[in-house]
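Keep in mind that the numbers below use all heavy atoms, side chains included, and drop hydrogens, waters and symmetry copies. None of the values given here were measured: they were computed from a predicted structure. A note on names: the letters A, B, ... follow the listed sequences, proteins ahead of strands, and every chain is numbered from 1.
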Amino acid sequence: MENLIREAILEHAETLFGTAVEETMIQFQKTRRDIKGDLTLVVFPFVKLLRTSPIEAGNKIGEFLTSQLDFIESHEVISGFLNLSFTDSYWTGRLGEIDADDHFGYEPANSRSRIMVEYSSPNTNKPLHLGHLRNIFLGYSVSEILKARGHKVVKTQIINDRGIHICKSMLAWQKFSPVNEHGERETPENTGIKGDKLVGKYYVEFDKRLNEEATSILEAWESGSFEGYSEEVIGEVKRLSGSRDGKDEKTIAGINGKIKELAKNATDLFREAKEMLIRWEARDPETYLLWSAMNGWVYSGFEDTYETMGVDFDKLYYESDTYLIGKDMVAEGLQKGVFFKKEDGSVWIDLTEDGLDEKLLLRSDGTAVYMTQDVGTAFDRYRDYPDLDGIIYTVGNEQDYHFKVLFLILDKLGYSWAKNCYHLSYGMVELRNSEGEVGKMKSREGTVVDADDLMSDVIEAATEMTKARGHIAGMSDEEKETLFKTIGLGGLKYYLLKVDPRRGMAFNPEESIELNGNTGPFIQYAHARIQSLLRKAGEVSTLSNQNEIGDQEKELVKHLSEFPAVMEEAAISYSPALVANYTYELVKMFNHFYQTVDILKEENETAKLRRLVLSRSVGKVIRNAMNTLGINVPQRM
RNA sequence: GGCUCCGUAGCUCAACUGUAUAGAGCACUGGAUUUCGGCUCCAGCGGUUGCAGGUUAGAAUCCUGCCGGAGUCACCA
């Protein structure tokens, strides 16, 4: 109805103001809750045209609109804001429309362009952790929101299955895994350990052994023994050691860190890992076989985790394929003169004119880097889906710079679609204990929160709560299992999605399983209660010819009416948080309504029907909203 | 140090991207109701929106400068 009002003003601008008005002058906002009215027009822009006070200007426009449009019942001007009130029958009409539309808030499927959303994209050398959970829930939810708004969506991930980090796990397994009585090394089958956990275990093992070896090298260096190391390394270590004199603690720690890096690079273990990578790139059969076996373990582990999470993918890309495409593109760019080669053979792009610096695309030994692969992946995706309207990369904000460079490179290579690539950058999840201390998640220090562990923890907490307070009598064991999972994961997903993605957030394990306040289970409970109400009510017909409505009901209908706009806003800004907060507000309003108004006990049949239809609509919107967050809402709990 | 992002109640977060008295939850204090599902509702407490200027009829929001925090500046991914 904003459009109707806007048109009316534009059409009659000459008579009202004596001149045409810009469309941008007509600004609407929601009427404050504590003020009478259903929609507010900001008067300030018109004050100058009319050369009167804001109050007079507002009244003039208000009188005009009230006489012109039959759904406007009255108006009131308060300090420069024109508050318009709509008739009751307008609102009962709205309620009827919402009730009749099962897909309220959604646009018809496939009515809009195709968009690809990348999320998860794990390394295949260690299990998923809390940081991945935010990434995956966010990417999945953005996909579902875009789908709900009519887009064709391709959910994808790039699997980082190539590189030195994979070789570390492989090497550690090969060297350090115990051999059983059958002469086999540890596998998921013979140990019962989940595949990704097993591979992760050897990644940690590698790091431990590397540190041990590096420490003994450091000790040797400190005592002045440098035998067996290259001139280059020795010189660098001596230079760094000398530069520590007279520096403050922080600087010295930084220098010591650099020396330690040198020591790590000088270890036999690291050298072996590098050799293994070279063998892999050369397709050495034994190495390749081990690589695919261990990756297979990881994939089956990830699959289990994804299934628990309730997320899926339409199309997978593997770095081990796309880095080759990337290398071809680098060669092509080199010919075009977009890139240049240094004397040592490494390939670079100069971005200094764009305010960035030089960036490496190919190492001097000809092997690919992270950027090479990403360039190839983007190209591959547009080749697979020529009608793509954009790619959304769900990746943490520590990679802001990387994506800025990536998109710039694609643009310079002449791909017009580069401008449609978007980095959905989200903030880090910090871990917070009950004392409120913030800790970083570091896999080496054992402070990571494992994704599987966390999910089973929240499900367990939900199980206890529900057994103690829920209405689950008569449910089968399977139904109960599903319900506990729904509640536990619903809570976790909501907890991670309700915060604006761009912001960093604190993760408090205790809060994540809370059931009151702004939480998933609070919303799920409201839905279950509505369904219970409707079951008790029996058959509820549709609404017709009602033209009265209570104040609280009107507030609810008003809020329901905003749902499509909120969904659209969430789709534009890629922000599930908007949907979450909208739904929470809706539930609070409904609980208030439910607490103060009789529904089943109401004797007036007209009012009873209207309230039941309203409850049904609220339930539907809760369901439609939560579905886009990947959260199920139970019938009872 | 350069660049990027961020500082809102004790804590976790909102604020339609510039508008009326900056809102919720948790925690704390008090109350309602034991009902159509108490995982409910109502009230109170709590703020100089990091600081100082500027632009505007109007600033948490835009600009400048400080202060504080995070990230990033790899032939790692």
Practice problem: Could you give the distance separating G58(B) and G18(B) at their C1' atoms, to the nearest angstrom? | Solution: 8 Å
| How far, in whole Å, is A59(B) from G68(B) if one measures between their P atoms? | 28 Å
Interatomic distance at P, G10(B) relative to C6(B), whole Å: 23 Å
Side-chain contact check for A528(A): nearest option of A14(B), A77(B), G37(B) is G37(B)
For Y495(A), the ring pair (Phe, Tyr, Trp, His ring centres under 6.0 Å) test, sequence neighbours excluded, returns F507(A)
For nucleotides C11(B) and U61(B), find the distance between their C1' atoms and express it as a whole number of Å. 24 Å
Exercise. Remember a base hit wins even if backbone is also touched, and classify T40(A) as base, sugar-phosphate or nothing at under 4.0 Å, heavy atoms.
Key: base
Ranking U72(B), U4(B), A77(B) by distance to the side chain of R162(A), first place goes to A77(B)
Can the ring centres of F206(A) and Y203(A) be said to be less than 6.0 Å apart?
-> no
Applying side-chain hydrogen bond (donor to acceptor under 3.5 Å, both in side chains) to E555(A) and not counting sequence neighbours gives K558(A)
Separation of A74(B) atom P from Y401(A) atom OH, nearest Å, is 8 Å
_Using a heavy-atom cut-off of 4.0 Å across all strands, would you classify E585(A) as base, sugar-phosphate, or nothing?_
nothing
Separation of C36(B) atom P from I530(A) atom CD1, nearest Å, is 17 Å
> Is any side-chain N of the basic residue among K36(A) and E76(A) closer than 4.0 Å to the acidic one's carboxylate O?
Replying inline: no
In RNA chain B, stems of three or more consecutive pairs, Watson-Crick or G-U, each with both distances under 3.5 Å, turn out to be B:1-7 with B:67-73, B:10-13 with B:23-26, B:28-32 with B:40-44, B:50-54 with B:62-66
Does F81(A) lie flat on the base of A20(B), that is, centres under 5.5 Å apart and planes under 30° off?
-> yes
Note: for E398(A) and D500(A) on RNA chain B, the residue whose nearest nucleotide lies more 5' is D500(A)
Rounded to whole Å, the CD1-C1' distance (I599(A) to G37(B)) equals 12 Å
Picking from C76(B), A20(B), U19(B), the nucleotide nearest the side-chain atoms of I35(A) would be A20(B)
*Could you measure between the two C1' atoms, the one in U40(B) and the one in U49(B), and give it in whole Å?*
33 Å
Sticking with atom C1', work out how far G44(B) lies from A57(B), rounded to a whole angstrom. 36 Å
Rounded to whole Å, CG of N518(A) lies from C1' of A14(B) at a distance of 9 Å
Rounded to whole Å, the NZ-C1' distance (K498(A) to C11(B)) equals 12 Å
Salt bridge (charged side-chain N to carboxylate O under 4.0 Å, His left out) filter on D354(A), not counting sequence neighbours, yields K412(A)
The ring pair (Phe, Tyr, Trp, His ring centres under 6.0 Å) partners of Y574(A) (sequence neighbours excluded) come to Y422(A)
**Request:** Report which part of the nucleic acid V597(A) touches: base, sugar-phosphate, or nothing (heavy-atom distance under 4.0 Å, all strands).
**Result:** base
Residues at least two apart in sequence or cross-chain that pass ring pair (Phe, Tyr, Trp, His ring centres under 6.0 Å) with F46(A), listed by chain then number, are F17(A)
Taken in chain and number order and not counting sequence neighbours, the residues that satisfy side-chain hydrogen bond (donor to acceptor under 3.5 Å, both in side chains) with Q29(A) are none
Next on the checklist: Counting the atoms with a prime plus P, OP1 and OP2 as sugar-phosphate, which does E319(A) contact under 4.0 Å by heavy atoms, base, sugar-phosphate, or nothing?
Outcome noted: sugar-phosphate
In terms of heavy-atom contacts, T466(A) and A462(A) come closest through OG1-O, 2.6 Å
So which protein nitrogen or oxygen atoms get under 3.5 Å of nucleotides 40-45 of chain B's nitrogens or oxygens?
unit_1	atom_1	unit_2	atom_2	d
U40(B)	OP1	N516(A)	OD1	3.1
U40(B)	OP2	N516(A)	OD1	3.0
U40(B)	O3'	N591(A)	ND2	3.3
U40(B)	O2'	Q595(A)	OE1	2.9
U40(B)	O2	Q595(A)	OE1	3.3
U40(B)	O2	Q595(A)	NE2	3.1
C41(B)	OP1	N591(A)	ND2	3.2
C41(B)	O4'	Q595(A)	OE1	3.4
C41(B)	O3'	H592(A)	ND1	3.3
C42(B)	OP1	H592(A)	ND1	3.0

Atom OH of Y370(A) and atom P of C73(B) are separated, to the nearest Å, by 11 Å
Expected list for residues 601-615 of chain A near RNA chain B, using heavy atoms below 4.0 Å, is K601(A)
For this session: Kindly say if R503(A) contacts the phosphate of A14(B), meaning a side-chain N or O under 4.0 Å from OP1 or OP2.
Result: yes
Assert: residue with more 5' nearest nucleotide on RNA chain B, out of E569(A) and L360(A), is E569(A)
Taking only the C1' atom of each, what is the distance from U29(B) to C13(B) in whole angstrom?
23 Å
Of the candidates U21(B), U17(B), A14(B), the side chain of N581(A) sits closest to A14(B)
Residue set satisfying side-chain contact (heavy atoms from CB on, under 4.5 Å) with K359(A), at least two apart, ordered chain then number -> I349(A), M371(A), Y401(A), V405(A)
Considering only heavy side-chain atoms of M505(A), the closest of U17(B), C13(B), C36(B) is C13(B)
(Q) Would you measure the distance from the P atom in G31(B) across to the matching atom in G50(B) and give it in whole Å? (A) 37 Å
**Study point:** S346(A) side chain vs K342(A) backbone, donor-acceptor pair below 3.5 Å
**Key:** no
Here the distance between atom C1' of A70(B) and atom CD of E430(A), to the nearest Å, is 8 Å
Per the O4'-C1'-N9-C4 / O4'-C1'-N1-C2 angle with a 90° window around 0, U48(B) comes out anti
In whole angstroms, the gap separating C1' of C76(B) from CZ of R363(A) amounts to 8 Å
Taken in chain and number order and not counting sequence neighbours, the residues that satisfy salt bridge (charged side-chain N to carboxylate O under 4.0 Å, His left out) with E511(A) are none
>> Base, sugar-phosphate or nothing for D374(A)? Non-hydrogen atoms, less than 4.0 Å.
In response: nothing
Would the Y582(A) and H559(A) ring centres measure less than 6.0 Å apart? yes
The salt bridge (charged side-chain N to carboxylate O under 4.0 Å, His left out) partners of D374(A) (sequence neighbours excluded) come to none
